[in-house]
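Residue numbering restarts at 1 for every chain, and letters A, B, ... go by the order of the sequence lines. Values reported hereafter were calculated over all heavy atoms of this structure, with side chains retained and with hydrogens, waters and symmetry mates removed.
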2 protein chains.
Amino acid sequence: MTISESGDRRSNRTRYIVLGILARGPASGYDVACAVRDSTGYFWSEGFGQIYPSMKQLAAEGLIRPCNAPVQPNGKAKESRRRKTLFELTPEGEKFLDAWLAEPYQPAVERNEMLLKIFFSARLNADIATRHFMQAIQEAQAAARVLTTLEEELVARLPDPAARFFYEATIRYGQKAAQAQEEWSREMMQGLKGVIKSPKRQ
Amino acid sequence: MTISESGDRRSNRTRYIVLGILARGPASGYDVACAVRDSTGYFWSEGFGQIYPSMKQLAAEGLIRPCNAPVQPNGKAKESRRRKTLFELTPEGEKFLDAWLAEPYQPAVERNEMLLKIFFSARLNADIATRHFMQAIQEAQAAARVLTTLEEELVARLPDPAARFFYEATIRYGQKAAQAQEEWSREMMQGLKGVIKSPKRQ
DNA sequence: GCCATAATATATCTGTTAGATATATAGTCC
DNA sequence: GGACTATATATCTAACAGATATATTATGGC
């Protein structure tokens, strides 16, 4: 199994977030999905369709293994209506994760539908473009609210100062991106008002 | 065939860029791929694997059709070593494109590997996080250079003022995003220096 | 003129992913 | 006890990333 995957056709990325979350403690597939949604969901999406098969593969490869920890009965009975299958990281898994973390990251492949619609907007009237810009503002503001809430919960989530710093770094990124998007949208609406009366239909 | 696809599982997005490019004039599959790469590549990726099957489907649906324009012999002979199969938009295709453009856009699904590595960086030493931040700066600067070049070529590309405005809007977006990324990276490296001496390995 | 090479252009392949659907297990309530 | 509901596991299928394969044509050398 090769550590470097930079030359390959798109390869499985799901396993890294699984490994990263298991590095913080034993978890089931469902736990991983919840952890992704609750802490990294705003910059990394992941679904059951990827998590379960990836965990199965990771187990087959010896990077994670079923956990011998007792299935907790839970203080709150209503949090567990079905027995969990817990997994933990193996030493090999830990090494694998760290090696991947140290490699350069692969830049995202862009596919921004908002910009695609803006790009072709000269075909339509200015009201439609305005609606797209307004949508962009609303989304930026909604994202900023989510990030603010996450930031406020940070201290309780991560007592470790280093982990907190890096988590906060991701939040800060999201906030800057949201701000840039909102500014851009406002700028463009202003420019639209000043220059474009009613773009002619081709 | 339904115009609104907002409630569906991910549906084919390739066809919209195909339709949009054909709205500017007849083109072959290869022409579409080149046009995507040259004018929208920085915010919309598209490969042959999607373009050809989508064009085939669009033709089957009557939204595009083979073009009766004479296969141009080209002024420059070396630009055509194989006969092109040109397609053009049908009136139905044009209506379909315009209806889609007027709908709210679907927000991007995020999957930012840089942030994922940053998120788990407390496991490693600070030099590795610094390398990721430096990579982010270099990428932002490279993107800004590409966008600057595109901006300079704009006047020659699009004589129509409306089309030019919207194209420039997409470029402006990319520039703001690149700037935000660079600022963030510098900020985080600064914070790393001041707070984190050597993050402990867990 | 023939053949090899190279460039343009068309087409397909396969692993990953988005997001939906299906199923299993257990607790609660009437 | 059975219906309902919540947690948890698992699978499905269309879309996509990016690679590979193939077809067609022009060019150059002998």
* With B:Glu139, which residues qualify under salt bridge (charged side-chain N to carboxylate O under 4.0 Å, His left out), at least two apart? -> none

* Quick check, are the ring centers of B:Phe119 and A:Trp44 under 6.0 angstrom apart? -> no

* Quick one: is A:Arg83 getting a side-chain N or O under 4.0 Å of the C:dA26 phosphate, OP1 or OP2? -> yes

* Nearest of D:dA8, C:dA9, D:dA26 to any side-chain atom of B:Arg81? -> D:dA26

* Asked: Given C:dA9, is OP1 or OP2 found less than 4.0 Å from the side-chain N or O atoms of B:Ser28?
  -> no

* Asked: Charged N to carboxylate O below 4.0 Å: is that the case for A:Arg172 and A:Glu151?
  -> no

* Look at the side chain of A:Arg82 against the base of C:dA26 and say whether a donor-acceptor pair falls under 3.5 Å; ignore hydrogens and angles. => no

* Structure fact -> Taken to the nearest whole Å, CD1/B:Ile51 to C1'/C:dC13 is 16 Å

* Report yes if at least one side-chain N or O of B:Asn12 is closer than 4.0 Å to OP1 or OP2 of D:dA14; otherwise report no. => no

* Asked: Just to confirm, is there a sub-4.0 Å distance from OP1 or OP2 of C:dT17 to any side-chain nitrogen or oxygen of A:Thr14?
  -> yes

* Report the distance from atom OH of B:Tyr30 to atom P of C:dT10, rounded to the nearest whole Å. => 9 Å

* To do: Please report, rounded to the nearest Å, how far the P atom of C:dG19 is from the CZ atom of B:Arg13.
  => 10 Å

* Asked: Are A:Arg111 and B:Glu46 close enough for a salt bridge, meaning some N to O gap below 4.0 Å?
  -> yes

* To do: Test for a donor-acceptor pair under 3.5 Å between the base of D:dA15 and the side chain of B:Gln50, counting only N and O atoms.
  => no

* For the pair made of NZ in A:Lys56 and C1' in D:dT11, what is the distance, rounded to whole Å? -> 9 Å

* Nucleotide D:dC16, atom P - distance to CD of A:Glu110 in whole Å -> 15 Å

* Asked: What is the nucleic acid contact for B:Gly49, judged by heavy atoms within less than 4.0 Å: base, sugar-phosphate only, or nothing?
  -> base

* Please give, in whole Å, the distance from D:dT11 C1' to A:Phe48 CZ? -> 13 Å

* Could you go step by step and tell me if B:Tyr42 and B:Thr170 meet the side-chain hydrogen bond (donor to acceptor under 3.5 Å, both in side chains) rule? -> CA-CA 9 Å; B:Tyr42 62 100; B:Thr170 66; 2.5 Å; yes

* Identify which nucleotide among D:dT25, C:dT10, C:dA18 has an atom closest to any side-chain atom of B:Arg10, counting heavy atoms from C-beta outward. => C:dA18

* Structure fact -> Looking only at D:dA17, D:dT5, D:dT9, the nucleotide nearest the B:Ser45 side chain is D:dA17

